[in-house]
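So the structure is just underneath, and the comments pick up after that.
Model, not experiment: these values are computed from the prediction.
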Amino acid sequence: MLKKFYKIIIVPYVLFLLYLMFFGMGRTQMEDNLLTIEPIFSTINFIKGCISWKDIIIIVVGNVVMFIPFGFLGWIFPNLKELKSLLFTFVSAITIVEAIQYFTRMGIFEVDDIILNTFGVFLGFLMRGLVEKKCKDWI
């Protein structure tokens, strides 16, 4: 049952995320292509310079939590049941999305986003394992 629900909901969810990444939260096209390649330090500097905890939670925690559902992709694609193949595929895909943000100037190519999003997928992968063990009757 959970797998069927997941198969139905994942496509609209992906479309929703793409909307957020390119158009949501008041995004407009930037004048310049922006690139942030300082892993971890750019996020730490963002947190230090941030006025509101709400902004920190939305940006930093959101970049992890919003990508947890991708850890369950093994339910749809058997070749993504293993962590290594899931992470390789996801990192490749999210790097392409970040590059599109860069080239369209509808966002910033940020290495930290790739790291945080991938951590979310990893957490989702761990959660999938727990769900499969604890909720066998619901799957």
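Distance CD/Q29 to CZ/R27: 12.5 Å, rounded to 0.5 Å. Between I115 atom CD1 and F122 atom CZ the span is 15.0 Å, to the nearest 0.5 Å. Expressed to the nearest 0.5 Å, how far CD1 of I68 lies from CZ of F119 amounts to 8.5 Å. The CD1 atom of I10 lies 12.5 Å from the NZ atom of K7; values are rounded to the nearest 0.5 Å. Taking OG of S52 as the reference point, atom CD1 of I57 lies at 8.0 Å (rounded to 0.5 Å). Between the CD1 atom of I47 and the CH2 atom of W53 there is a distance of 7.0 Å, given to the nearest 0.5 Å.
Results of the side-chain hydrogen bond (donor to acceptor under 3.5 Å, both in side chains) test with T43 over T36, D112, D113 single out D112 as the only residue that passes. The one candidate from L34, T28, N33 that meets the side chain to side chain contact (heavy atoms under 4.5 Å, CB included) condition with R105 is N33.
The cluster map of Ile, Leu, Val, Met, Phe, Trp and Tyr, joined by side-chain heavy atoms under 4.5 Å apart, puts I9 and L73 in different clusters. F77 is connected to I94 through a chain of hydrophobic side-chain contacts under 4.5 Å among Ile, Leu, Val, Met, Phe, Trp and Tyr, so both are in one cluster. Taken together through direct or relayed side-chain contacts under 4.5 Å among Ile, Leu, Val, Met, Phe, Trp and Tyr, V61 and I51 form parts of separate hydrophobic clusters. Following chains of ILVMFWY side-chain contacts shorter than 4.5 Å, one can reach L35 starting from L116, so the two form part of one hydrophobic cluster. Using a 4.5 Å cut-off between side-chain heavy atoms of Ile, Leu, Val, Met, Phe, Trp and Tyr, with links allowed through other members, I58 and I108 fall into different hydrophobic clusters.
In the displayed structure, E31 atom CD is contacted under 6.0 Å by at most 12 heavy atoms of other residues, nucleotides or ligands. In this structure, L15 places its CG atom where more than 12 heavy-atom neighbours from other residues, nucleotides or ligands lie under 6.0 Å away. More than 12 heavy atoms of other residues, nucleotides or ligands shown are found within 6.0 angstrom of CZ on F109. Annotation: L130, atom CG; neighbour count of heavy atoms from other residues, nucleotides and ligands within 6.0 Å is above 12. Within a 6.0 Å radius of CE in M30, other residues, nucleotides and ligands contribute more than 12 heavy atoms.
Taking both residues in full, the closest heavy atoms of V111 and P39 are given as CG1-CG, 3.9 Å, listed atom of the first, atom of the second, then distance. Here the closest non-hydrogen pair linking P69 and Y13 is CG-CE2, 3.7 Å. Taking both residues in full, the closest heavy atoms of F16 and M66 are given as CE2-CE, 3.7 Å, listed atom of the first, atom of the second, then distance. Nearest heavy-atom pair across F22 and M106 is O-CE, 3.0 Å. Scanning both residues, N63 and I59, for their nearest heavy atoms gives ND2-O, 2.9 Å. Across E98 and E110, no two heavy atoms sit closer than the pair OE1-N, 3.0 Å.
Here the side chain of T118 pairs no donor or acceptor atom with the backbone of V91 at under 3.5 angstrom. With T89 contributing its side chain and L86 its backbone, the two residues share no donor-acceptor pair below 3.5 Å.
Taking 4.5 Å as the limit, every side-chain heavy atom of L87 sits out of range of all side-chain heavy atoms of F125. With contacts defined as side-chain heavy-atom distances shorter than 4.5 Å, the pair N79/S85 does not qualify. Residues F46 and S42 have side chains not in contact (no heavy-atom distance under 4.5 Å, counting atoms from C-beta outward). The closest side-chain heavy-atom distance from W138 to V131 is not below 4.5 Å. Within the 4.5 Å cutoff, the side chain of F72 has heavy atoms near those of the M127 side chain. Looking at heavy atoms from C-beta onward, V64 lies out of side-chain contact with N117 at the 4.5 angstrom threshold.
If you look at F70 and F67, their ring centroids are closer than 6.0 Å.
Looking at E132 and R128, a side-chain N of the basic residue comes within less than 4.0 Å of a carboxylate O on the acidic one, giving a salt bridge.
Aromatic ring pairs are classed by plane angle as parallel below 30°, tilted from 30° to 60° and perpendicular above 60°; the pair F23 and Y19 is tilted.
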